[in-house]
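To start, the structure under review is shown below, and the notes come after it.
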Amino acid sequence: MQVRRLHDWPATVAEAEAIQQRFRPLVELDEPGPDQVELVAGLDVAYSAGDERVTAAVVVLRVPALEVVERVVVSRPVRFPYVPGLFAFRELPALVEALEKLSTTPELLICDGYGLAHPRRFGLACHLGVLAGLPTIGVAKTAFIGTYQTPAPERGSWSPIMDGDEVVGRSLRTRSDVKPVFVSQGHRVGLDNACRHVLRLTPAYRLPEPIRQADHLSRTGQDA
DNA sequence: GCGACAG
DNA sequence: ATCTTGTCGC
């Protein structure tokens, strides 16, 4: 599939922040987004050689069967330090490259990390969504910004993630009695819809199947 | 000013 | 993220 190249990759923190400020207005958050989708892609990256190489993986699944349609793995040198709020710049180059090698075009992207729930409202999921021009959802495993109440223990229960007066995402229980995940809007998907998709894609484990499989693939390099 | 801080 | 053994529980 095609991914728009809207800017060059930054070399400094100041450049990276400027890019986030500049492209944040392109994020679309008001539409409810797709209800039914057939092809969903999960994306994740793994680091190796002591933080010197990054391996990105994309796994496309067919919904609702969750059968694998396509897998892509890309490895390259890391070219940006880890800075909270800017970690998209470590992972995006490899993720974009992996997306471009896809022979199919998914209708929805699920990323490992945050979207709207970000210091400048432009986390990885927003950034990737804008570049790919596709509905995108962010699913993170640990807290970042904002505050939230622990959701009830049953699968499906949730509580809003608040940053001041703003709702920036949800802490969502994808499995009963298991630590919740953090869902936030990326691009062209409403928060309600995002959580519905995440639950539908999470039949057995804590993480949505597309991300879980991409995670596995990024570490092993080959078949899951 | 001091800590916390997606992966 | 990554470095790592054993261990509790379904």
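Everything numeric here is computed off the predicted structure, so don't read it as measured data. First the proteins, then the strands, lettered A, B, ... as listed; each starts at 1.
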A/Leu6 and A/Phe23: CA distance, side-chain angles, deciding distance, side-chain contact (heavy atoms from CB on, under 4.5 Å) verdict: CA-CA 9 Å; A/Leu6 297 181; A/Phe23 292 97; 3.7 Å; yes

Length of the line joining [X]:[atom1] and [N]:[atom2], which is rounded to integer Å:
| X | N | atom1 | atom2 | value |
| --- | --- | --- | --- | --- |
| A/His127 | B/dG7 | NE2 | C1' | 16 Å |
| A/Arg120 | B/dA6 | CZ | C1' | 12 Å |
| A/Tyr205 | C/dC10 | OH | C1' | 12 Å |
| A/Leu124 | C/dA1 | CG | P | 13 Å |
| A/Phe80 | B/dA6 | CZ | C1' | 15 Å |
| A/Asp177 | C/dG9 | CG | P | 15 Å |
| A/Phe87 | C/dT2 | CZ | C1' | 15 Å |
| A/Glu52 | C/dT2 | CD | P | 15 Å |

Test item: A/Ser176 and A/Pro153 side chains (from C-beta on) under 4.5 Å apart, heavy atoms: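 A/Ser176 does not reach A/Pro153 side chain to side chain.
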
So what does [X] touch, heavy atoms closer than 4.0 Å: a base, only the sugar-phosphate, or nothing?
| X | answer |
| --- | --- |
| A/Ile145 | nothing |
| A/Gly85 | base |
| A/Leu86 | base |
| A/Tyr47 | sugar-phosphate |
| A/Ala143 | sugar-phosphate |

Output yes when at least one side-chain N/O atom of [X] is less than 4.0 Å from OP1 or OP2 of [N], else no.
| X | N | result |
| --- | --- | --- |
| A/Arg219 | C/dT2 | yes |
| A/Lys141 | B/dG7 | yes |
| A/Ser48 | C/dA1 | no |

Cation-pi geometry met for A/Arg212 and A/Tyr205 (6.0 Å, 45°):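 Here A/Arg212 passes the 6.0 Å and 45° test against A/Tyr205.
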
Aro-ring/base stack A/Tyr82-C/dA1, d under 5.5 Å, angle under 30°: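 So A/Tyr82 does not count as stacking on the base.
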
Base of B/dA6 and ring of A/Tyr114 stacked, centres under 5.5 Å, planes under 30°: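 Per 5.5 Å and 30° rule: no stacking.
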
Heavy atoms of other groups near A/Gln149 CD, more than 12 under 6.0 Å: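 Check fails, neighbour count at 12 or below.
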
side-chain contact (heavy atoms from CB on, under 4.5 Å) partner of A/Ser171, the single match among A/Pro160, A/Ser157, A/Pro180: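 Considering A/Pro160, A/Ser157, A/Pro180, a side-chain contact (heavy atoms from CB on, under 4.5 Å) with A/Ser171 is found only for A/Pro180.
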
Closest to side chain of A/Glu91, choosing from B/dG7, B/dA6, C/dT2: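 My answer, after comparing the listed nucleotides, is B/dG7.
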
